[in-house]
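Labels below follow one simple rule: chain letters A, B, ... track the order of the sequence lines, proteins then strands, and each chain is numbered from 1.
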There are 2 protein chains.
Amino acid sequence: MKLDTAANILAKIGNPTRLRIVRLLVRAGDEGLPVGMIQKKLKIPGSTLTHHITHLKSAGVIRQERQQATLICKMEFEVLRNLVDYLTEECCADIDAREDAA
Amino acid sequence: MKLDTAANILAKIGNPTRLRIVRLLVRAGDEGLPVGMIQKKLKIPGSTLTHHITHLKSAGVIRQERQQATLICKMEFEVLRNLVDYLTEECCADIDAREDAA
DNA sequence: TTATTATTTCGATAATTCTAGAAATATAGT
DNA sequence: ACTATATTTCTAGAATTATCGAAATAATAA
């Protein structure tokens, strides 16, 4: 994963409202949740919710699938996994091969 | 970990410059890196670097320890671990105990 | 005490992001 | 076609954040 990609995802889920959405969807698993259900749980205006969903989609954190009149939001679990890996990978890699030159 | 705490950390490390700092410090392990070394690697003005370091410190992501004239930045690995746990915990918890009521 | 290196504080500007009301669009049922 | 429900687009103001030069402070050495 590229640094800018990771930073973008982190910035998106770093908003409290969006993190709440992500947590709901993580808990919901592969079945996801309809936008309307998320709105009921979060109690925020639809336009604000759409704004945040747009951000999460653009970062690839979630996707939407239509089921008749309602849109289901689903977590992209693989993206989340990759992000977590990115944050911890190469931990302490420079301890032995210490490069003290700039 | 509280949601707002996690969101704050995520927002901080969601900045590309700060994520670069974090990655350097993760690789550096418990010995950390001096501010000046980070500056050389990132090639950014000192004031900008201080700005970002201040953010990372305020979120508890890193700490600083003085060694003579230089300040060493060190990753708070436990905080990072807790964050990663927070992002993945209770995954799919609502799949069985599905609560379709708002 | 003067000089040198290391790092931060101050201050100002540019850019981005959050929030939400009003209007628009999409889907399905009657 | 009309209605109801679901969701998004448009728009704009408020708030937050990023950036960096100049000046200030901290630690050490001469």
Side-chain angles (χ1 to χ4, degrees), chain A residues 3-22 24-25 28 31-74 100-102, chain B residues 3-22 24-25 28 31-74 100-102:
Chain A
L3 185 138
D4 281 346
T5 304
N8 188 41
I9 295 173
L10 290 165
K12 297 311 185 188
I13 67 179
N15 173 277
T17 301
R18 286 195 292 263
L19 184 55
R20 292 179 68 198
I21 297 171
V22 165
L24 283 177
L25 294 180
E31 290 205 21
L33 281 179
V35 173
M37 174 88 62
I38 298 172
Q39 187 179 358
K40 269 186 204 153
K41 297 205 181 216
L42 263 50
K43 297 191 179 73
I44 57 176
S47 57
T48 301
L49 178 56
T50 295
H51 165 80
H52 290 302
I53 285 175
T54 300
H55 277 274
L56 291 173
K57 279 194 296 184
S58 82
V61 176
I62 69 172
R63 68 180 184 282
Q64 283 182 309
E65 292 169 15
R66 184 171 287 281
Q67 269 179 22
Q68 295 119 357
T70 72
L71 273 171
I72 312 290
C73 296
K74 297 187 180 183
D100 279 344
Chain B
L3 184 137
D4 282 344
T5 304
N8 189 39
I9 295 173
L10 290 165
K12 298 309 185 188
I13 66 179
N15 173 278
T17 301
R18 287 197 291 264
L19 184 55
R20 291 180 68 197
I21 297 171
V22 165
L24 283 177
L25 294 179
E31 289 203 23
L33 280 180
V35 173
M37 174 87 62
I38 297 172
Q39 187 179 357
K40 269 186 202 152
K41 296 203 183 220
L42 264 52
K43 298 192 181 73
I44 57 176
S47 57
T48 302
L49 178 56
T50 295
H51 165 79
H52 289 302
I53 285 176
T54 301
H55 277 273
L56 290 173
K57 279 194 297 185
S58 84
V61 176
I62 70 172
R63 67 182 185 283
Q64 282 181 310
E65 292 170 14
R66 185 171 286 281
Q67 270 179 20
Q68 296 119 355
T70 71
L71 274 171
I72 312 292
C73 296
K74 297 185 181 185
D100 278 344

Participant: Output the rounded distance in Å from CD (B:Q39) to P (D:dT19).
Facilitator: 14 Å
Participant: Among the candidates C:dC18, D:dT19, D:dT8, find the nucleotide nearest to the side-chain atoms of A:L71.
Facilitator: D:dT8
Participant: When the distance from NZ of A:K43 to C1' of C:dA20 is rounded to whole Å, what number comes out?
Facilitator: 18 Å
Participant: Could you tell me whether the phosphate oxygens of C:dT17, OP1 or OP2, come under 4.0 Å of any side-chain nitrogen or oxygen in A:H52?
Facilitator: no
Participant: When the distance from CD1 of B:I53 to P of D:dT17 is rounded to whole Å, what number comes out?
Facilitator: 18 Å
Participant: Do the side-chain N or O atoms of B:N15 get closer than 4.0 angstrom to the phosphate oxygens (OP1, OP2) of D:dA18?
Facilitator: yes
Participant: So A:L42 and A:L24, do their side chains get closer than 4.5 Å, heavy atoms only?
Facilitator: yes
Participant: Does any non-hydrogen side-chain atom of B:Q67 lie less than 4.5 Å from one of B:P34?
Facilitator: no
Participant: If you compare all heavy atoms of B:K74 against all heavy atoms of B:G32, which two are closest, and at what distance to 0.1 Å?
Facilitator: CG-CA, 3.9 Å
Participant: Report which part of the nucleic acid A:G36 touches: base, sugar-phosphate, or nothing (heavy-atom distance under 4.0 Å, all strands).
Facilitator: sugar-phosphate
Participant: Starting at CG of B:L42 and ending at P of C:dT7, how long is that distance when rounded to a whole Å?
Facilitator: 14 Å
Participant: Choosing from D:dT19, C:dA28, D:dA18, which nucleotide comes nearest the side chain of A:A69?
Facilitator: C:dA28
Participant: Rounded to the nearest Å, what distance is computed from the NZ atom of residue A:K40 to the C1' atom of nucleotide D:dT5?
Facilitator: 11 Å
Participant: Between C:dA20, C:dC18, C:dT7, spot the one nearest the side chain of A:P45, thanks.
Facilitator: C:dA20
Participant: Return the 5'-most residue of the pair A:Q67, A:A11 with respect to DNA chain C, ranking by each residue's nearest nucleotide.
Facilitator: A:A11
Participant: Within the pair A:T48 and C:dA20, is there a side-chain N or O less than 4.0 Å away from OP1 or OP2?
Facilitator: yes
Participant: For A:S58 versus A:K12, what's the shortest heavy-atom pair and its separation?
Facilitator: OG-CE, 4.2 Å
Participant: Atom CG of B:L56 to atom C1' of C:dT7: distance rounded to whole Å?
Facilitator: 16 Å
Participant: For D:dT8, does OP1 or OP2 lie under 4.0 Å from any side-chain N or O of A:S47?
Facilitator: no
Participant: Let me know the distance between CD1 of B:I62 and P of C:dT7, rounded to the nearest Å.
Facilitator: 12 Å
Participant: Kindly indicate whether the side chain of B:I53, heavy atoms from C-beta on, has any atom under 4.5 Å from the side chain of B:L71.
Facilitator: no
Participant: Name the nucleic acid region contacted by B:T70, choosing base, sugar-phosphate or nothing; use a 4.0 angstrom heavy-atom cut-off, strictly under.
Facilitator: sugar-phosphate
Participant: Let me know the distance between CD1 of B:I72 and P of C:dT8, rounded to the nearest Å.
Facilitator: 12 Å
Participant: A:R66 side chain: which of C:dT27, C:dT7, D:dC20 is closest?
Facilitator: C:dT27
Participant: Taking the side chain as every heavy atom from C-beta outward, state whether A:T70 and A:M37 have any atom pair closer than 4.5 Å.
Facilitator: no
Participant: State whether A:H51 places a side-chain N or O below 4.0 Å from either non-bridging phosphate oxygen (OP1 or OP2) of C:dC18.
Facilitator: yes
Participant: Is B:Q68 near enough to C:dT5 that one of its side-chain N or O atoms lies under 4.0 angstrom from OP1 or OP2?
Facilitator: no
Participant: So, does A:Q64 get its side chain near the phosphate of D:dT8, meaning an N or O under 4.0 Å from OP1 or OP2?
Facilitator: yes
